[in-house]
Structures are given as structure tokens and as C-alpha cells.
Amino acid sequence: MRFCDLHVHSTASDGTDAPGRLAEVAAAAGLAAFALTDHDTTAGIPEAQRAADRLGIGFVPGVELSADPDVLGSGRSRGTLHLLGYFVHHDDPGLAAIARTLRDARAQRNPAMVRRLNELGIELSYDEVVAVAGRSRSAVVGRPHIAQVLVDRGHVGSVAEAFERFIGVRGAAYVRRDLLSAADAIAAIRAAGGLAALAHPVQLAIADQALFERVLRRLVDAGLGAVETRHPDLEPADTARLTELADRYGLLTTGGSDYHGGRKVNRLGSEQVPATCWQRLAEAAGG
Ligand code: AMP
Ligand code: FE
Ligand code: FE
Ligand code: ZN
């Protein structure tokens, strides 16, 4: 069977491989196709597309938008909600405007997090964070870049420790950023010609299955077209449960490694997602 990887990050956001390099890695891994799904930007798509065409590997232009996890408006959500957009037009003006808003929210949040770290007695400056992101010409500055500075400066031993102790949702220096509603994120993806998929559903951190289903139903009503059933954060039992839900709600299934290059242990192609997932998504997206 041939496989694909439909969740991959480049240096355009918080990965460490350039978009063109990803096509080489994906081709070397023998994948039929891969999707570039950078956080809050489509800037890497043209380069990745050119490299994929040159190497004869299938390519899905994508994006991963962060949205407000409080889908039902209960005010109690503690999780993370990410929406993947597949086959988006990378130069769609509406999507570009939304992505810019999300990046502006980061520009507010990131320095605030550095200030919190400074208050905790940890020495680093926001300029260092921007320099780390700038070294890879990243369009999106995020927590992984802050983590990198904490590691480089010797404040923590690893990126994982940086998240655990300081900048993860339960970390001492975590600052939330303003988020888009899930409905607006889905609408923006669809208006850009894309198909919206719920990424790593376990990160929503909803243990109650009935509650999770209510959230999923709300997202389906808003135009969700697929759900990620294979991802390093998902156990086999999660995959089985989500596949059954996808079936029941008429959603396509997707999956990927969430590869970030050297910043995470995830390896490209590790999730063994059948190439048929890619083909079905392509058909549903109209090409
Ligand atoms: P941000 O988008 O700036 O809020 O940062 C979120 C990103 O940090 C995610 O997309 C991951 O790439 C990364 N991340 C989140 N949690 C961890 C973790 N525990 N270890 C490593 N990277 C993480
Ligand atoms: Fe990331
Ligand atoms: Fe994500
Ligand atoms: Zn991701």
C-alpha cells in the first residue's frame, strides 16, 4: 500500500525544514503525497509545490488555523483547537486577512510571555526569539521559537521541558492569545476553496464523549469536512472511535505526522496514512 502524510510544518511557521526540502524528504520516504499545513500562513506553499512537481510527488496546499476551543460557549474549555485547511488557494485575500489577524495576535502574546519569563527570573529577550525565527525566515513566530531560546540559553534541557515548566498551557509563563471562532476559521478555509478538517481531536481535552460529540456536531454544522484519525497524539482506541464518528457524521478521514523537523520527535510519514485518504480529500475539494 502507498502512504501519504497530510500534516507537515516548514520553516514558514515552526518547522525546521524549508518547504522545498520537505518535498525531498517526503519523496525519499516513498510517500505518494504530502500536505504542507503551516500554522497561520500559506507562505511556504509556492516553494513546496514547485519542489513536489519537480520530484513527481503529490502535493496538497494546506494551512493549520488555531481557533477558540470553547466551541459551545460554555467558558470552561482548557484544550486546543486546530483546523487544517486542505487545497486552499494560497493567495486567497480572505484567508490572508485571517492569517494576518492570527499573526497579529501572536505579536501581542509572544512578548507578554517573555515578560512573564523575565518576572520568573529567567533571562531572555524577545529580540532573541525573533532572531531564532528570523534565522529560518519564518513568517510565524511561536512558542517553539521561545522554547528554542530557553534551550540555547541553558534554562531548560529540552523543548519538551520548556513547554512542561514554562510555556505549555499549564506552564508558569503561559499567556493565551486572542482566537478566531471555529466557525469563522472553517468559513475562511471554505471561502478559499479548501476543505476543513479537525486536527488532533484529543488536544481539545474533552474526556466526556457525549460532550465531544456535541462539539463535533457543531463543527459539522459549521462546514467541517474531515477529521484527523491518525496522528502521533492519537492512540489506536482514539483512531477507532474517531473513524466510527467520521462514518456517522459523513466526514472524511485524514492523518499525518505533524512533522516539525528537528523540533519534535515526529518523523515524516510515520503515521502510515493510506494514499486513498489523500485521493478522497482531493475529490471532495473538487480536484
Ligand atoms: P503557538 O502556536 O505559538 O501557540 O505554539 C504552539 C506550537 O508549539 C504547536 O503547534 C507545536 O508545534 C508546539 N508545541 C506545543 N506543545 C508542545 C510540546 N509539549 N512539545 C513540543 N512542542 C510543542
Ligand atoms: Fe507547531
Ligand atoms: Fe496542531
Ligand atoms: Zn500541526
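Just so it is clear, the values below take in all heavy atoms, side chains as well, and ignore hydrogens, waters and symmetry mates.
For His260, the side-chain contact (heavy atoms from CB on, under 4.5 Å) criterion is met by His9, Asp14, His39, Asp258, Arg263, Lys264, not counting sequence neighbours.
Within the 4.5 Å cutoff, no side-chain heavy atoms of His145 are placed close to those of Arg135. Between Arg143 and Arg109 the shortest side-chain heavy-atom distance falls below 4.5 Å.
Under the 4.5 Å side-chain contact rule for hydrophobic residues, Leu102 and Val140 do not share a cluster.
With respect to the salt-bridge test (charged N to carboxylate O, under 4.0 angstrom), the residues Asp238 and Arg241 qualify. The pair Arg248-Glu244 meets the salt-bridge criterion, with a side-chain N (NZ, NE, NH1 or NH2) lying under 4.0 Å from an Asp/Glu carboxylate O. Salt-bridge formation is not detected for the pair Asp5/Arg267: no Lys NZ or Arg NE/NH1/NH2 atom is positioned less than 4.0 Å from an Asp or Glu carboxylate oxygen.
The number of heavy atoms from other shown groups lying within 6.0 Å of CZ (Arg153) is above 12. The 12-atom threshold is exceeded at CD of Gln279, counting heavy atoms of other residues, nucleotides or ligands nearer than 6.0 Å.
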Q.
Gln203 vs His82, test: side-chain hydrogen bond (donor to acceptor under 3.5 Å, both in side chains). Steps then yes/no.
A. CA-CA 9 Å; Gln203 287 188 17; His82 287 172; 4.6 Å; no

(Q) The test is salt bridge (Lys or Arg N to Asp or Glu O under 4.0 Å); show your working for Arg280 and Glu283 and say whether it passes. (A) CA-CA 5 Å; Arg280 290 200 188 104; Glu283 277 164 28; over 6 Å; no

Q | side-chain contact (heavy atoms from CB on, under 4.5 Å) between Thr101 and Leu180, worked out | A | CA-CA 9 Å; Thr101 304; Leu180 197 65; 5.7 Å; no

**Q.** CA sep, side-chain torsions, deciding dist, call: Asp53, Gln49, side-chain hydrogen bond (donor to acceptor under 3.5 Å, both in side chains)
**A.** CA-CA 6 Å; Asp53 289 349; Gln49 178 82 66; 3.2 Å; yes

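There is no side-chain donor-acceptor pair under 3.5 Å between Ser257 and Asn266.
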